[in-house]
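We use all heavy atoms of the structure for the numbers below, so side chains are in, but hydrogens, waters and symmetry mates are not.
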Amino acid sequence: QVQLVESGGGLVQAGGSLRLSCAASGRTISNYAMGWFRQAPGKERAFVATINWSGGGTYYADSVKGRFTISRDNAKNTVYLQMNSLKPEDTAVYYCAADPTGWGKPFDGDYWGQGTQVTVSS
């Protein structure tokens, strides 16, 4: 079993930056695809970004492309989401997920974290 714990969320003004971390435990995620998803109030959970097992393939929602960067450090069993130029519409609970398939696209998350709140004020 893989446990995922997100951290790094908080309150930030529009135009600011945050870096989210997802720490995995229980087993190595070095051969897993990893992803970030978010859920805004009253909306379905939505795709943000995924990264394949090697880190060589990354995929982004159009709404965040050019502003967000997903990365991984397999030695630390950790995945990151660097969020720049934040907008109020980025406000959501952000969730980390793991897909043992490893490809990153399509992504089928078998393991999910508890989420971390990101709030962007205008």
Under a 4.5 Å side-chain heavy-atom rule over Ile, Leu, Val, Met, Phe, Trp and Tyr, are V79 and V2 clustered together?
yes
Shortest non-hydrogen separation from I51 to T58 and the atoms involved
CG1-CG2, 3.7 Å
Please report the C-alpha distance between N52 and W103 in whole Å, then the side-chain angles of each, then the deciding distance to 0.1 Å, and finally whether the side-chain contact (heavy atoms from CB on, under 4.5 Å) criterion is met.
CA-CA 5 Å; N52 76 347; W103 294 308; 5.6 Å; no
Hey, does the side chain of T50 reach the backbone of G35 with a donor-acceptor pair shorter than 3.5 angstrom?
no
Using every non-hydrogen atom in the two residues, find where K65 and Y60 come nearest and quote the distance to one decimal.
CE-O, 3.8 Å
Heavy-atom pair with the smallest gap, counting every atom of T78 and A23:
OG1-CA, 4.1 Å
CE of M34 to OG of S71, rounded to nearest 0.5 Å, is 11.5 Å
One should read off an interatomic distance between W53 CH2 and N31 CG, to the nearest 0.5 angstrom, of 8.5 Å
What one should report as the nearest heavy-atom pair of N84 and S17 is OD1-OG, 2.9 Å
Mark yes or no for whether T91, through its side chain, and V120, through its backbone, hold a donor-acceptor pair below 3.5 Å.
yes
Check: C96 and W36 side chains under 4.5 Å, non-hydrogen atoms:
yes
Kindly give the heavy-atom pair with the smallest separation between A24 and I29, and that separation in Å.
CB-CG2, 3.6 Å
Just how far is it from atom CG of D73 to atom OG of S30, taken to the nearest 0.5 Å?
11.5 Å
Smallest separation among heavy atoms of L86 and R67, with atom names
CA-NH1, 3.9 Å
What verdict does the side-chain hydrogen bond (donor to acceptor under 3.5 Å, both in side chains) test give for R27 and Y32, after you've listed the backbone C-alpha separation in whole Å, the side-chain angles of each residue and the deciding distance to 0.1 Å?
CA-CA 11 Å; R27 65 178 296 166; Y32 287 20; 3.3 Å; yes
Going by heavy atoms in the side chains, are T28 and N74 under 4.5 Å from each other?
no
Taking the six-membered ring for Trp, are F37 and F47 parallel (under 30°), tilted (30 to 60°) or perpendicular (over 60°)?
perpendicular
Roughly how far, to the nearest 0.5 Å, is CG of L4 from OH of Y111?
9.5 Å
With a 4.5 Å limit on heavy-atom distance, are the side chains of R38 and L81 in contact?
no
I need the Q114 CD to E6 CD distance, nearest 0.5 Å.
4.5 Å
Nearest-0.5 Å distance that lies between atom CG in L20 and atom CD in Q82:
8.5 Å
Hydrophobic cluster identity match, Y80 and V64, side-chain contacts under 4.5 Å
no
Under the criterion side-chain contact (heavy atoms from CB on, under 4.5 Å), I'd like the reasoning laid out for Q117 against L11: C-alpha separation, chi angles, the key distance, then a yes or no.
CA-CA 8 Å; Q117 177 71 49; L11 175 64; over 6 Å; no
Stepwise, does the side-chain contact (heavy atoms from CB on, under 4.5 Å) test hold for D90 with F68?
CA-CA 11 Å; D90 295 318; F68 291 11; 3.9 Å; yes
